A.B. asks: 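Starting off with a structure, shown below.
This one's a predicted model, so the numbers in the text were calculated from it and none came from an experiment. Residue numbers begin at 1 in each chain, while the letters A, B, ... track the order of the sequences. Just so it is clear, the values below take in all heavy atoms, side chains as well, and ignore hydrogens, waters and symmetry mates.
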Amino acid sequence: KPGQKKIESYFALP
Amino acid sequence: MFEAVLSNGSTLKKIFEGIKDLCTDVNFDVSSEGIKLQAMDSSHVSLVSLELHTDVFEQFRCDRDSMTLGLNMKSVTQIFKICGNDDSVTMRAEDEGETLEFTFEKGEDRVSTFELKLMDIDSEHLGIPDTEYQCNVKLPCSEYQRICRDMAGFGDNMTIDCQKGGVTFSVDGEVGKGKIFLKHQPNVEEKHKVIVTVKEGVELDFALRYLNNFAKAAPLSDHVQLGLNSDTPLSVRFDIEDKATLGSLKFFLAPKIKE
């Protein structure tokens, strides 16, 4: 099954 | 003190209905610019970002630089059951208060008030960059809602393939595979318009469970806007009453990674 990265890995913490 | 009056209370009701199944507790970040909210679902694969500009309110007052109001979504949606479709809503909180007061009014005949206990919610704010998407699709909310609902009957994931001329939504499940093609249709009446803008074609897979969850915000506007870039989260954006100046409710969803 294809996986999914966490949304945090796309949007940096400011 | 924070005080905001919204003559069209159903707007807030629709916003909460749109996010209640994704997030359990959320922070309302209030400032003189309006209200913002950012929250992730429990699996951290999607993100909700709400911006309500002061223009959406008839009256808006926030005396402090910022106030954080922690809300339990289940309680808020319960409270908004009190709110009739034509009711105005007033929200009020003292600077160091422990409650957010909601007042629902229809004329002067019927006034309901509820004081909600505020929560302390730990949440990290992510930096969402202003992204220029390779593909933008603007389609009627009813169409988005219908596609996600129909496709969920056949599989867990949906592929969105956006190319010049149109967008294809497809699903490959146990019983077979199917697709729905929507043609770029800029010259039809507003409610049927489909606008597909493509710099470079993008094809990505997404979990239908989340796409269907986002569709619960469909009553907020007539059209929804999808933004796609390869290998970055999908953006699903509902402008409040179709006016970006009033604010927007945006959802981001991480794509499925193909083996």
Side-chain angles (χ1 to χ4, degrees), chain A, chain B residues 22-23 29 36 38-49 66 122-131 133 155-160 170-174 203-211 213-214 227-236 250-259:
Chain A
K1 269 198 162 181
Q4 223 167 345
K5 278 202 269 180
K6 301 246 180 205
I7 201 86
E8 296 105 311
S9 61
Y10 296 100
F11 299 132
L13 287 163
Chain B
L22 274 175
C23 317
D29 296 309
K36 285 185 183 179
Q38 199 194 87
M40 283 182 275
D41 72 284
S42 57
S43 323
H44 288 210
V45 292
S46 75
L47 180 80
V48 183
S49 171
S66 68
D122 261 344
S123 78
E124 44 186 0
H125 276 257
L126 301 178
I128 305 169
D130 270 333
T131 308
Y133 290 99
D156 296 335
N157 298 320
M158 182 163 77
T159 305
I160 305 179
S170 55
V171 65
D172 191 352
E174 273 178 32
E203 185 189 334
L204 287 170
D205 294 348
F206 299 99
L208 269 163
R209 187 161 75 88
Y210 288 93
L211 296 175
N213 242 319
F214 306 159
L228 291 107
N229 265 348
S230 28
D231 301 325
T232 64
L234 165 78
S235 156
V236 179
K250 279 188 265 187
F251 299 95
F252 295 93
L253 177 62
K256 291 277 178 176
I257 300 158
K258 285 184 181 165
E259 294 285 314

A.B. asks: State, with a plain yes or no, whether a side-chain heavy atom of Ile257(B) is found less than 4.5 Å away from one of Gln4(A).
C.D. replies: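 The answer is no; the side chains never approach within 4.5 Å.
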
A.B. asks: Identify which of Asp41(B), Ile128(B), Thr232(B) forms the greatest number of heavy-atom pairs closer than 4.5 Å to chain A.
C.D. replies: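 Option with the greatest count: Ile128(B).
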
A.B. asks: Are Ile7(A) and Val45(B) side-chain neighbours, meaning at least one heavy-atom pair lies under 4.5 Å?
C.D. replies: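 No; the side chains remain at least 4.5 Å from each other.
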
A.B. asks: Where do Lys6(A) and Met40(B) land on the side-chain contact (heavy atoms from CB on, under 4.5 Å) test, with the steps shown first?
C.D. replies: CA-CA 10 Å; Lys6(A) 301 246 180 205; Met40(B) 283 182 275; over 6 Å; no

A.B. asks: Return the minimal non-hydrogen interatomic distance between Pro255(B) and Tyr10(A), and the atom names on each side.
C.D. replies: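 Minimum heavy-atom separation between Pro255(B) and Tyr10(A): CD-OH, 3.6 Å.
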
A.B. asks: Working to the nearest 0.5 Å, report the span between CD of Glu124(B) and CZ of Phe11(A).
C.D. replies: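 The CZ atom of Phe11(A) is 13.5 Å from CD of Glu124(B), to the nearest 0.5 Å.
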
